[in-house]
There are 2 protein chains.
Amino acid sequence: MVMDVNRRTVLRLSRYRKALQRFSELGFVKVFSDNLGEAVGVTSAQVRKDFSLFGISGNKRGGYQIDSLLETLQRILGKGRVQKVIVAGAGNIGRALIHYPTFEKEGIQIAAAFDIDPAKMHRKERIPVLSLDEMPRFIEENGIEIGIIAVPEIAAQEVCDRMVRSGIRGILNFAPIRLRCGDENVVINPVNLQIELENVIYFVHALGKNQDTAPVNDKIKVNHL
Amino acid sequence: MVMDVNRRTVLRLSRYRKALQRFSELGFVKVFSDNLGEAVGVTSAQVRKDFSLFGISGNKRGGYQIDSLLETLQRILGKGRVQKVIVAGAGNIGRALIHYPTFEKEGIQIAAAFDIDPAKMHRKERIPVLSLDEMPRFIEENGIEIGIIAVPEIAAQEVCDRMVRSGIRGILNFAPIRLRCGDENVVINPVNLQIELENVIYFVHALGKNQDTAPVNDKIKVNHL
DNA sequence: GTTTTTTTGTGATAATTTTCACTAAATTGC
DNA sequence: GCAATTTAGTGAAAATTATCACAAAAAAAC
Ligand SMILES: NC(=O)c1ccc[n+]([C@@H]2O[C@H](COP(=O)([O-])OP(=O)(O)OC[C@H]3O[C@@H](n4cnc5c(N)ncnc54)[C@H](O)[C@@H]3O)[C@@H](O)[C@H]2O)c1
Ligand SMILES: NC(=O)c1ccc[n+]([C@@H]2O[C@H](COP(=O)([O-])OP(=O)(O)OC[C@H]3O[C@@H](n4cnc5c(N)ncnc54)[C@H](O)[C@@H]3O)[C@@H](O)[C@H]2O)c1
């Protein structure tokens with residue numbers, strides 16, 4: 001009966017935050033739940049329920065003060081201090097992440113990347129690419145809690161194990177494999193780009209065909225879960 | 001009452017497919033719903049429900065024949081023929097996708113990428129990077145249905161509009177913005193990497209703190225939605 | 001100052017999604 | 001062949017998630 005904080009709630013919170021940033025940049029001062037809902041693609045009731053879950057309250061008839069709401073969301077989402085992150089695998093995905101400047105602006109600092117291929121290593125770069133062997137030490141010395149896995153599927157579980165052993169508490173995993181981790185206190189979120197693409201393909205085909213072949217939901221605009 | 005095919009069902013279908021491929025490579029011939037559930041991270045009942053929704057049936061006590069089940073899933077997921085896809089934006093993400101050889105092996109062919117920056121263009125590559133101006137023609141001439149948006153946020157809506165005008169029916173969007181599209185028959189799936197990362201960060205903090213600060217779900221191992 | 005309007009906050013309700021639990025079928029062992 | 005066992009298929013139940021709808025508060029209008 002008492003709805004609690006789950007993955008989807010927090011994903012929405014991030015979206016609200018992003019929307020608020022834009023509203024703020026546009027010079028708006030206050031916002032109503034239906035503005036936010038519209039911006040993010042949910043109902044206004046959903047917005048209010050989400051906020052109420054975190055004890056966020058606005059003003060009856062006055063909506064929410066953008067600045068203060070933004071600050072609250074930043075705090076909830078841990079944007080108070082810079083969050084250091086490491087990346088395992090300096091290949092296609094790993095490098096894409098390293099070279100994305102927005103992370104830094106948003107308080108996410110990629111402290112280093114790690115690879116086994118000596119050709120990929122660059123100790124002198126602003127974000128150094130080091131040897132995987134140096135990862136445990138680096139994690140411990142810098143108190144890193146979050147790791148991104150961007151190594152080939154075959155190496156992913158091993159890298160995951162090493163990260164967790166060294167103290168990593170949360171992993172964003174790009175390898176198309178379900179990582180197992182004994183420790184219940186470690187969060188592992190998968191990002192499977194192939195599956196996301198296949199999903200689009202499925203629904204395009206499903207919409208294209210007459211609905212005889214397979215049963216299909218009405219509201220297929222799909223978008224975020 | 002009659003559960004119908006939704007995004008999550010199809011995401012699971014893709015995961016079953018992947019798991020089956022692995023089972024098949026390992027030389028297994030048949031599989032039970034709880035093997036599949038274990039592999040994918042869902043209950044065996046979920047597996048059977050999902051299959052039943054697509055009219056997939058196995059053998060009581062005999063499980064499912066891996067080969068034939070795999071074929072069925074391939075067909076449902078449109079793996080019968082090569083699916084051509086284009087990418088808008090040959091930056092970090094766009095190039096990562098272009099250089100991922102697994103797509104080709106899995107029947108997803110990136111036919112071309114498009115950019116506005118002349119420095120990014122490479123007409124002679126196996127996957128050419130062309131001028132964005134050439135995109136509409138390319139889409140029409142090659143009957144492309146699926147597009148990936150990997151351009152900066154500011155350009156994403158415009159690129160989306162152009163894609164849809166030219167005939168694209170499904171979009172995987174990496175830009176951190178909600179794309180609007182008049183046409184109800186166009187599928188748009190967002191992939192927001194920053195939000196996925198922030199999500200991990202949130203739950204790591206939530207697990208770290210004593211649960212006083214914010215209400216937190218028990219089962220935080222989270223993983224796929 | 002009173003009425004009207006607007007929008008929050010939330011309990012109740014509805015919808016969706018997952019799991020349970022049992023039936024029936026197939027296989028194995030004897 | 002018959003009993004025991006295993007596992008698919010599936011309605012029913014439970015759990016989860018989202019929406020409704022309305023009371024209460026605040027602001028605006030007059
Ligand atoms: N590139 C894409 O578009 C894409 C799409 C879907 C999924 N993925 C997945 O994302 C992951 C990364 O993909 P990618 O394209 O960047 O791969 P990649 O091959 O370009 O890069 C992988 C990197 O990991 C390094 N590596 C290998 N073993 C390692 C180990 N044990 N420790 C540290 N580093 C190691 C390699 O040297 C390489 O630099 C893969 O699991 C892939 O399946 C990528
Ligand atoms: N790189 C990451 O790790 C990362 C993380 C989160 C989100 N994203 C998002 O993914 C998208 C792509 O990111 P990126 O890092 O690859 O960016 P990028 O800047 O490296 O690449 C963008 C490319 O798009 C091109 N471009 C600009 N306007 C264009 C237009 N109108 N038409 C076609 N091409 C155009 C640019 O020339 C550039 O080559 C962005 O929206 C970004 O916010 C990226």
Side-chain angles (χ1 to χ4, degrees), chain A residues 1-13 15-16 20 23 28-66 68-69 72 215-225, chain B residues 1-13 15-16 20 28-66 68-69 72-73 215-225:
Chain A
M1 192 169 106
V2 253
M3 170 65 178
D4 61 359
V5 177
N6 58 27
R7 185 147 143 64
R8 304 167 83 174
T9 313
V10 179
L11 288 173
R12 284 196 299 269
L13 239 50
R15 293 201 185 94
Y16 300 144
L20 284 165
F23 285 137
F28 289 98
V29 173
K30 64 182 186 179
V31 71
F32 302 122
S33 57
D34 57 347
N35 303 141
L36 270 173
E38 225 283 311
V40 160
V42 301
T43 63
S44 61
Q46 180 77 79
V47 174
R48 297 195 298 275
K49 263 277 154 69
D50 286 340
F51 286 175
S52 117
L53 194 56
F54 288 91
I56 296 173
S57 57
N59 315 298
K60 298 245 162 108
R61 201 185 167 149
Y64 303 83
Q65 288 300 116
I66 288 178
S68 106
L69 179 54
T72 305
V216 170
N217 199 324
D218 322 345
K219 23 180 172 163
I220 272 190
K221 305 159 294 193
V222 178
N223 282 35
H224 59 75
L225 287 172
Chain B
M1 191 169 107
V2 254
M3 170 65 178
D4 62 359
V5 178
N6 58 27
R7 184 147 144 64
R8 305 167 83 175
T9 313
V10 179
L11 289 172
R12 283 196 300 269
L13 239 50
R15 293 200 186 94
Y16 300 144
L20 285 166
F28 289 99
V29 173
K30 64 182 187 181
V31 69
F32 302 122
S33 57
D34 57 348
N35 303 142
L36 271 173
E38 225 283 310
V40 160
V42 301
T43 64
S44 61
Q46 181 78 80
V47 175
R48 297 196 298 274
K49 263 277 152 73
D50 286 340
F51 286 176
S52 119
L53 193 56
F54 288 92
I56 295 173
S57 57
N59 315 300
K60 297 234 164 123
R61 198 182 170 154
Y64 303 85
Q65 288 300 116
I66 288 179
S68 106
L69 179 54
T72 305
L73 291 184
V216 170
N217 198 325
D218 322 346
K219 25 179 174 168
I220 272 192
K221 306 158 293 192
V222 178
N223 282 33
H224 59 75
L225 287 173

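In what follows, chains carry the letters A, B, and so on, assigned in the order in which the sequence lines appear, proteins first and then strands, with residues in each chain numbered from 1.
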Check your understanding: Do the side-chain N or O atoms of Ser52(A) get closer than 4.0 angstrom to the phosphate oxygens (OP1, OP2) of dT10(C)?
Key -> yes
Check your understanding: Closest approach of Arg48(A) and Ser33(A), non-hydrogen atoms and distance?
Key -> NH1-OG, 3.0 Å
Review point. Could you spell out the base pairing of DNA chain C in dot-bracket, with Watson-Crick or G-U pairs whose two distances are under 3.5 Å, [ ] crossing and | to another strand?
Key: ||||||||||||||||||||||||||||||
Review point. Quick one: is dT19(D) close enough that its OP1 or OP2 comes under 4.0 Å of any side-chain N or O from Gln46(A)?
Key: yes
Point to revise | Phosphate-side-chain proximity, Ser57(B) and dG9(D), N/O vs OP1/OP2 below 4.0 Å | key: yes
Check your understanding: Rounded to whole angstrom units, what separation is found between the CD1 atom of Ile56(A) and the P atom of dT7(C)?
Key -> 20 Å
Check your understanding: About how many Å separate CD of Glu38(A) and OG of Ser44(A), when rounded to the nearest 0.5 Å?
Key -> 11.0 Å
Check your understanding: Distance check: side-chain N/O of Arg12(B) vs OP1/OP2 of dT18(C), anything under 4.0 Å?
Key -> yes
Practice item. Whole angstrom is fine here: how far is it from CG in Asp34(B) over to P in dT7(D)? Key: 7 Å
Exercise for review: May I have the distance from Leu36(A) (atom CG) to dT8(C) (atom C1'), rounded to whole angstrom?
Suggested key: 13 Å
Check your understanding: To the nearest Å, how far apart are Phe32(B) CZ and dT5(D) P?
Key -> 17 Å
**Study point:** Separation between CG of Asn35(A) and NZ of Lys30(A), rounded to the nearest 0.5 Å
**Key:** 10.5 Å
Check your understanding: Where the side chain of Arg48(A) is concerned, which of dG9(D), dT17(D), dT8(C) is the nearest nucleotide?
Key -> dT8(C)
Check your understanding: Which heavy-atom pair separates Val42(A) from Arg12(A) by the least distance, and what is that distance?
Key -> CG1-CD, 3.8 Å
Revision key, fill the gap. Given the options Phe51(A), Phe28(A), Phe23(A), Phe32(A), Tyr64(A) meets ring-ring contact (aromatic ring centres under 6.0 Å, His included) only with Phe51(A)
Exercise for review: Return yes if some donor-acceptor pair links the side-chain N/O of Asp34(B) with the main-chain N/O of Gly37(B) below 3.5 Å, else return no.
Suggested key: no
Review point. About how many Å separate CG of Leu36(A) and CD1 of Ile66(A), when rounded to the nearest 0.5 Å?
Key: 7.5 Å
Review point. Which heavy atom in Val47(A) sits nearest to a heavy atom in Tyr16(A), and how many Å separate them?
Key: CA-OH, 3.5 Å
**Study point:** For atom CZ of Phe51(B) and atom C1' of dG9(D), their distance in whole Å
**Key:** 13 Å
Review point. Could one point to a donor on the side chain of Lys49(A) or the base of dT17(D) with an acceptor on the other under 3.5 Å away?
Key: no
**Study point:** Between C1' of dT10(C) and CG of Asp50(A), the distance in whole Å
**Key:** 13 Å
Practice item. Specify the separation, in whole Å, of atom CD of Gln65(B) and atom P of dA26(C). Key: 14 Å
Point to revise | Most 5' of Ser33(A) and Thr43(B) on DNA chain C, judged by nearest nucleotide | key: Ser33(A)
Practice item. Quick one: closest heavy-atom pair of Thr9(A) and Asp4(A), and the distance? Key: OG1-O, 4.1 Å
Exercise for review: May I have the distance from Met3(B) (atom CE) to dA15(C) (atom P), rounded to whole angstrom?
Suggested key: 16 Å
Review point. Which pair of non-hydrogen atoms, one from Leu53(B) and one from Met3(B), has the smallest distance, and what is that distance?
Key: CD1-O, 3.1 Å
Kindly give the atom pairs (protein nitrogen or oxygen, nucleotide nitrogen or oxygen) under 3.5 Å for nucleotides 24-30 of chain D.
residue: dA27(D); atom: N3; partner: Arg61(A); partner atom: NH1; Å: 2.9

